[in-house]
Amino acid sequence: MPFNRRESPFSLGRAIVSQKNVLAWFVLAIALLTSLLAWQYLKQREVALAERQFELLATDMSAAIRKRMVDHEQILLGTAGLIDASEQVTRQEWKQQIERLRLSEHYPGIMGVGFAAAIAPEQLTAFESQVRAEGFPAFRVHPEGERPFYTSILFLEPFSGRNLAAFGFDMYSESTRRQAMQNAVDSGKTSVTGAVTLLQETHGKVQAGILMYVPVYTTGLPVDTAEQRQAALKGFVYSPYRMGDLLRGILGNANPRISYELRDVTDSAVPQLLFATEQSKDAKAPLFSRQILLPLYGRDWQLSFSSTASFDQSIPSHALVLIAGVGIALMLFLLASLLNLRRDQAEALAARMTEKMRASNEALRQSEERQRLVLKGSNDGWWDVDIEQWRFVASARAWEMLGYPQHRGFQSLHRWQAVIAPAARHTLLKQLQQALASDTMSFACETRFLHKNGSEVCLLLRGALQRDDAGKALRASGTMLDLTEQKQVEAMKNEFVSTVSHELRTPLTSISGALGIVNSGSLGAVPEPMQKMLEIAHTNSLRLNHLINDLLDMEKLAAGKMTFDIRVQRVDVLVSDAIAANQGYAAKHQVTLQCAPSNEYWANVDGIRLHQVLSNFLSNAIKFSPPAGLVKVTLQRSAGRLRISVSDQGQGIPASFQPMIFSKFAQADSADNRQKPGTGLGLAISRDLMEKMGGEVGFHSEPGQGATFWLELPLAATDIEEVSEAPAEHATRVLVLDDDETYAQFMGLMLRRAGYQPVIIHSMREARPILFNEPPDALVTDLRLPDGHGLSLIRELRLQNATRHLPVLVVSAYCDEGQRLLDGRVEGVAWLDKPVEEFKVLPVLADLIKRANAQSTQSGT
């Protein structure tokens with residue numbers, strides 16, 4: 001019987017209490033029970049997580065205290081070494097030693113580092129007189145009184161503020177301090193006192209204090225037994241600590257989520273409170289607490305941690321889960337009751353929906369069958385997206401690439417997005433959205449997907465878009481290509497190129513250097529029949545050097561391992577240096593280099609890399625210019641950017657080759673017998689180098705009318721303070737250290753031509769007497785030497801005052817290894833990979849020497 005408006009309310013009430021509604025009541029009971037269990041589980045889980053967090057906080061805080069006390073012991077041990085190494089430490093030396101530690105910056109909370117001298121009774125008067133003579137007329141050892149043994153605080157830095165009150169104090173006269181000092185003497189180890197009131201408590205709130213002692217013995221006397229150590233005692237290096245300041249320096253301000261107390265429980269009967277965080281008077285009992293025992297230097301410290309009210313209150317109660325669960329249970333109960341009421345209508349509706357679903361499934365089956373027939377012969381994956389209905393379907397091959405079985409039927413796009421690699425998801429979706437928003441009809445992009453086994457698969461997506469008359473995208477269809485094998489081949493190729501290049505560098509460096517020395521005539525005249533063959537060999541060795549350098553540069557750029565020394569430099573000077581370095585090459589080809597006068601221009605660049613790009617542009621222009629040709633270099637400023645153009649008078653670049661001009665190994669003349677030598681990597685490297693320096697490159701050329709290559713850089717501010725260069729009063733001595741005699745001679749010849757005075761040696765044993773007795777003006781060294789590693793020698797140089805600022809140029813085939821081991825912790829060192837050319841060495845060496853001279857002038861050395 002159909003329900004009318006008057007019967008509906010009463011019909012629903014009868015349905016709720018009807019026996020046929022048992023299922024609804026059962027659903028209500030299950031839902032309420034599930035909500036209660038879920039709430040209880042979540043609450044217990046949050047308490048467990050909070051307890052784990054509390055345990056971690058307590059462990060971290062106790063570990064931080066232990067580590068800081070060990071660090072303080074190392075400070076005292078290091079300072080004791082100063083006393084051991086010197087017969088008489090002056091007050092100024094002590095001050096300089098402590099100031100160098102920068103205690104307030106690195107170890108906040110430490111009050112200072114001092115030295116208390118041990119004094120026999122008969123030496124007391126002489127000791128006081130000696131200190132008064134240093135400028136302290138009122139000095140006396142206090143407290144006064146006769147004692148069998150005295151100590152006196154002689155040095156304490158920083159010597160200001162609270163620390164002035166402790167000057168001259170006999171710490172051995174007080175029992176707590178005496179006990180720790182005597183324990184240190186008897187054991188020969190570091191000792192810490194119990195709680196004391198420091199003399200530095202001159203104002204403000206009084207804090208519990210402790211002192212750490214390290215005994216210092218007279219050098220040369222035996223210290224094997226306690227009696228011998230007592231007889232050899234020279235004094236104590238110590239540090240005083242106000243416990244509140246010390247713990248704030250270690251742990252920072254009080255953590256509002258955890259409170260703690262620190263007690264000295266060495267004497268368990270009388271524990272001493274060292275520090276306690278402030279707590280609210282009406283604070284409730286904490287949920288969590290923990291005690292940790294820290295044995296430190298003869299004392300037992302007990303750390304008691306407890307959670308604060310803010311910590312306990314931060315634990316979620318999940319009351320909303322319980323409320324929501326009850327609400328959902330009631331909704332389910334009403335829904336079940338309504339379903340029971342409308343059972344007949346629902347059954348009829350379900351029958352109609354079943355019929356429609358059957359028809360839809362049949363249409364879908366026929367569509368899938370057609371797709372399988374179309375894609376059966378294709379090895380690529382195929383996909384299709386209905387953009388309006390946000391549905392996605394892909395072929396079996398597409399899912400097979402990702403390790404999944406074929407997903408039948410249409411899927412939501414959200415399911416497809418889930419298999420995109422997280423790192424690539426944003427970029428891919430952005431590219432697809434741009435394609436949809438534009439008027440393009442096709443797109444292609446390389447991205448990464450997640451394989452079922454967790455690995456990433458590199459895929460190439462290509463697709464076409466179907467749009468309506470208004471240009472709105474309706475459907476996208478395309479293919480998926482697996483690039484895994486292609487990427488593996490490319491990685492193997494890069495690894496092979498890098499390995500071969502590195503293995504060729506060392507022997508090729510020796511060959512090129514030896515041929516250069518022979519051709520220069522330094523070893524005597526070369527017979528005329530051999531001259532031509534030697535020149536050919538030298539020329540080809542240099543070409544091979546260029547090829548290896550280009551290959552390694554490309555490999556470093558691709559791997560992101562190339563280092564850049566980017567700083568503000570005069571660009572017009574760098575351009576002049578590059579032109580000067582290529583004058584010889586231009587003369588060989590009968591080409592004139594011309595640069596129009598320009599203003600001073602400053603930019604943030606790596607001078608060596610910019611020189612490399614300019615030399616590449618200049619050498620290409622020279623190489624492709626006719627005899628008696630002219631290569632022009634111009635500098636133009638526009639809107640805060642500087643454009644440097646290099647123009648030649650050659651045949652220009654063919655129109656068909658211009659799109660590939662900056663590609664790797666691209667050459668317009670690719671024949672084996674081409675007339676113009678080259679690797680085809682120079683322009684590709686130049687483009688990547690300029691991008692790393694925030695610039696860009698380009699060209700324009702008309703066939704038969706020459707070519708102009710240009711680079712652009714953003715200019716830096718012009719108010720740069722220039723460092724004036726003092727004129728050299730004598731020839732600069734450069735020590736060349738390399739076990740390869742041929743390469744060392746080649747480097748010496750290069751430096752001698754530039755006006756330096758080279759000194760050539762082949763081992764660290766020969767180098768040390770020269771470096772430490774008659775230091776040169778600079779050092780050029782290899783890393784792997786026959787009797788040691790170059791890095792150890794560099795570290796030795798930085799420890800000596802005379803060589804602290806010595807410029808060091810590392811020329812080695814292992815620069816990457818050296819830079820990684822040194823980790824930028826030593827200044828005044830530059831790096832060049834072997835084999836290296838003259839135009840790279842001389843500017844870097846000159847800049848190193850210039851900076852070292854400026855640094856020495858500023859430090860007064």
Do [X] and [Y] make a side-chain contact, defined as non-hydrogen atoms from C-beta onward lying under 4.5 Å apart?
X	Y	answer
Q302	D300	no
I292	M61	no
I98	T79	yes
L287	I315	yes
L432	L461	no
L247	L274	no
D245	M111	no
L76	S239	yes

What side-chain donor-acceptor pairs closer than 3.5 Å can you find for residues 37-49, not counting sequence neighbours?
| residue | atom | partner | partner atom | Å |
| --- | --- | --- | --- | --- |
| W39 | NE1 | S317 | O | 3.0 |
| W39 | NE1 | H318 | O | 3.3 |
| E46 | OE2 | H318 | NE2 | 3.3 |

Considering all heavy atoms, the nearest [X]-[Y] contact:
X	Y	answer
G112	P240	O-CD, 3.6 Å
R177	L198	NH2-CA, 3.8 Å
A444	R462	CB-CG, 3.6 Å
G194	D264	CA-OD2, 3.6 Å
Q200	A166	NE2-CB, 3.8 Å
I210	T193	CA-OG1, 3.5 Å

Item to complete: Output all residues satisfying side-chain hydrogen bond (donor to acceptor under 3.5 Å, both in side chains) with S314, sequence neighbours left out; order by chain, then residue number.
Response: R257
Discussion item. Using only atom types and a distance under 3.5 Å, with no angle test, would you say the side chain of R66 pairs donor to acceptor with the backbone of L296?
Written reply: no
Worksheet item: When you measure from the side chain of Q272 to the backbone N and O of A195, does any donor-acceptor pair fall under 3.5 Å?
Response: yes
Report the distance from atom [atom1] of [X] to atom [atom2] of [Y], rounding to the nearest 0.5 Å.
X	Y	atom1	atom2	answer
T202	R162	OG1	CZ	5.0 Å
S104	I110	OG	CD1	10.5 Å
M243	L273	CE	CG	10.0 Å
R290	E55	CZ	CD	4.5 Å
I250	I65	CD1	CD1	5.5 Å
K472	L465	NZ	CG	13.5 Å

Fill in: Ring-ring centroid check Y260 F275, cutoff 6.0 Å
yes
Discussion item. Ignoring hydrogens and geometry beyond distance, is a side-chain donor-acceptor pair present between S259 and S306 at under 3.5 Å?
Written reply: yes
Response to the item:
Those residues at least two apart in sequence (or on a different chain) that pass ring pair (Phe, Tyr, Trp, His ring centres under 6.0 Å) with Y241 are H72
Discussion item. I'd like to check the side chain to side chain contact (heavy atoms under 4.5 Å, CB included) partners of P158; sequence neighbours left out, ordered by chain and number.
Written reply: S160, N163
Discussion item. Just to verify, what does L32 make a side chain to side chain contact (heavy atoms under 4.5 Å, CB included) with, not counting sequence neighbours?
Written reply: L28, V326, A329
Item to complete: Please test M181 against Y238 for side chain to side chain contact (heavy atoms under 4.5 Å, CB included), starting from the C-alpha separation and ending with a verdict.
Response: CA-CA 10 Å; M181 297 168 79; Y238 82 101; over 6 Å; no
Worksheet item: For E261, what residues pass the salt bridge (charged side-chain N to carboxylate O under 4.0 Å, His left out) criterion, not counting sequence neighbours?
Response: R263
Discussion item. Before you tell me yes or no, could you show the steps for W301 and V192 under side chain to side chain contact (heavy atoms under 4.5 Å, CB included), namely the whole-Å CA-CA distance, both residues' side-chain angles and the distance that decides it to 0.1 Å?
Written reply: CA-CA 11 Å; W301 287 1; V192 173; 4.3 Å; yes
Discussion item. If you count heavy atoms of other groups shown closer than 6.0 angstrom to CG of L320, is the number above 12?
Written reply: no
